[in-house]
Amino acid sequence: MDPTETDVTATTVADIERTPQGVVRRWLAELALASREEKDWRDEGKRLWDMYEGGRRKAHAFNVLWANTELLLPAVYNSTPQPDVRRRFRDADPVGKGVAEVLERTLATQVDGYDFDGEAENFVLDMTLVGRGVLRVKYAPSFDPANADKLLAESVECEAVQWDDFRRGPGKRWADVTWIAFRHDFTREMAAQQFGEEIAAALTYSEGKDVDQLDAADMQTREVFRSCEVWEIWDRDRRRVLFIAPTYAEQP
């Protein structure tokens with residue numbers, strides 16, 4: 001059987017994932033089901049965002065939603081949190097006390113190393129407006145360009161994920177959710193850096209809505225702004241991270 005064809009005899013996830021093409025089909029189906037489950041909420045969320053940004057304003061109208069939301073935001077988040085690391089037991093342990101102080105100062109340094117407040121404020125705005133804020137914690141290593149195995153620095157950062165760029169697997173409780181996914185828009189350059197030139201060349205890129213502002217004759221500039229939708233999937237059952245592009249069916 002051609003591995004690119006749908007296997008109608010598949011009865012389990014393992015059957016579907018017997019080929020790289022099957023892995024892609026499985027996760028595109030999972031994403032479609034997750035989007036369909038929350039469609040009504042997403043439609044309502046988009047309507048609320050349009051109202052908040054004044055997209056549905058009438059002449060001489062006052063945006064009450066924007067005003068109320070702006071009043072709520074500082075009540076939910078108004079200052080950068082200060083790390084507080086303590087020993088569980090207050091024994092006479094100078095080494096343990098010293099380790100706690102090192103960890104506390106390390107966390108404070110990490111928070112100061114990037115725009116933590118900006119990420120937190122974006123998260124709080126989504127939570128306040130549409131009822132879901134997503135803040136992910138990312139490990140960010142830095143390697144020597146001349147030696148990919150040499151670690152130069154490492155950090156941990158929080159990153160707000162736009163509310164409509166997040167999907168999750170089924171489950172009534174968070175403990176029951178077996179996968180989550182984050183949507184990215186990769187340019188050709190970003191895709192090459194993340195996946196390599198061969199994969200980047202095989203992806204299909206499209207123009208965003210704002211690219212119409214560019215001169216139609218400037219095709220080279222337009223090309224730079226073309227992007228490809230890619231989903232970053234964290235699969236808890238298989239303990240793996242996959243990147244799936246709807247326009248690339250050959251493999252993750």
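For the single chain, residues carry numbers from 1 onward in sequence order. Since the model is a prediction, treat every value here as computed from it, not as a measurement. The basis for the numbers below is simple: all heavy atoms, side chains too, and nothing from hydrogens, waters or symmetry mates.
A side-chain donor-acceptor contact under 3.5 Å links W41 to the backbone of V130. The closest donor-acceptor contact from the side chain of D126 to the backbone of W163 lies under 3.5 Å.
Residues F143 and D149 form no side-chain contact, since every pair of their non-hydrogen atoms from C-beta on lies 4.5 Å or further apart. Contact check for D176 versus W174: no side-chain heavy atoms found under the 4.5 Å cut-off. Counting heavy atoms from C-beta on, the side chains of E38 and R132 come closer than 4.5 Å. Within the 4.5 Å cutoff, the side chain of C228 has heavy atoms near those of the T247 side chain. Annotation: side chain of Q194 is not in contact with side chain of M190 (no heavy-atom distance under 4.5 Å). In this structure, the side chains of E229 and D185 come closer than 4.5 Å at one or more pairs of heavy atoms. Side-chain contact between V111 and T80 is present, with heavy atoms from C-beta onward closer than 4.5 Å. Using a 4.5 Å cut-off on side-chain heavy atoms (C-beta onward), I244 and L28 make contact.
Residues P20 and Q251 come closest through the heavy atom pair CB-CB, 3.7 Å. A pairwise comparison of heavy atoms in S79 and D117 identifies C-OD1, 4.4 Å as the closest pair. Between V156 and Y114, the shortest heavy-atom contact is O-CE2, 4.2 Å. Between P252 and L242 the shortest heavy-atom distance is CB-CD2, 4.3 Å. Nearest heavy atoms, D84 versus E104: CA-OE1, 3.4 Å. P83 and A108 make their closest contact through CG-N, 3.5 Å (heavy atoms, listed as atom of the first residue, atom of the second, distance).
For the atom pair CZ (R26) and OG1 (T19), the distance works out to 13.0 Å, reported to the nearest 0.5 Å. A distance of 11.5 Å separates SG of C158 from CG of D115, quoted to the nearest 0.5 Å. Distance check, rounded to the nearest 0.5 Å: CZ of R87 to CG of L103 gives 12.5 Å. Atoms CG and CE, on L73 and M127 in that order, are 8.5 Å from each other to the nearest 0.5 Å. Here the CD-CG distance, from E37 to D40, works out to 11.0 Å after rounding to the nearest 0.5 Å. Rounding to the nearest 0.5 Å places OG of S142 at 11.5 Å from NZ of K150.
Ion pairing between a basic and an acidic side chain is recognised when a charged N comes within 4.0 Å of a carboxylate O; D50 and R47 show no such pairing. Remark: E232 does not engage R167 in a salt bridge, criterion side-chain N to carboxylate O under 4.0 Å. The residues D93 and K97 are annotated as not salt-bridged, no charged nitrogen and carboxylate oxygen being separated by less than 4.0 angstrom.
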TODO: With side chain to side chain contact (heavy atoms under 4.5 Å, CB included) as the test, would you mind laying out the steps for R188 and R226 before giving the verdict?
DONE: CA-CA 8 Å; R188 171 69 179 268; R226 291 165 67 91; over 6 Å; no

Task: Criterion salt bridge (Lys or Arg N to Asp or Glu O under 4.0 Å) on E17 and R238, from CA distance to verdict - done: CA-CA 12 Å; E17 290 199 352; R238 298 281 296 274; 3.0 Å; yes

- [ ] Apply side chain to side chain donor-acceptor pair (under 3.5 Å) to the pair T109 and D112, showing each step before the final yes or no.
- [x] CA-CA 5 Å; T109 301; D112 291 341; 5.9 Å; no

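Geometrically, R239 does not engage W234 in a cation-pi contact, judged by NZ or CZ lying under 6.0 Å from the ring centre and within 45° of the ring axis.
V76 and V161 fall into different hydrophobic clusters, where Ile, Leu, Val, Met, Phe, Trp and Tyr side chains are chained together by heavy-atom contacts under 4.5 Å. No chain of hydrophobic side-chain contacts below 4.5 Å, direct or via other Ile, Leu, Val, Met, Phe, Trp or Tyr residues, connects L203 to F225. In this structure, V99 is a member of the same hydrophobic cluster as L107, with clusters built from ILVMFWY side-chain heavy atoms closer than 4.5 Å. I180 and V23 fall into different hydrophobic clusters, defined by Ile, Leu, Val, Met, Phe, Trp and Tyr side-chain heavy atoms under 4.5 Å apart, directly or through other members. Under a hydrophobic-cluster definition in which Ile, Leu, Val, Met, Phe, Trp and Tyr are linked whenever side-chain heavy atoms come within less than 4.5 Å, directly or via other members, L125 and L65 are assigned to the same cluster.
Around CZ of R86, the count of heavy atoms belonging to other residues, nucleotides or ligands within 6.0 Å does not exceed 12. Heavy atoms of other residues, nucleotides or ligands lying less than 6.0 angstrom from CZ of R105 number 12 at most. Annotation for E197: atom CD counts as buried by contact number, over 12 foreign heavy atoms lying within 6.0 Å.
A ring pair (Phe, Tyr, Trp, His ring centres under 6.0 Å) with F243 holds for exactly one of F195, F182, Y248; it is F195. Tested against K138 for a salt bridge (Lys or Arg N to Asp or Glu O under 4.0 Å), the candidates E154, E159, E157 yield a single pass: E159.
In this structure, F186 has its ring center at least 6.0 angstrom away from the ring center of Y205.
In this pair, Y52 and W49 present their aromatic rings perpendicular. The plane angle is above 60°, beyond the 30 to 60° band. Between W27 and W179, the ring planes are perpendicular. Angles over 60° get that label, and only those under 30° would be called parallel.
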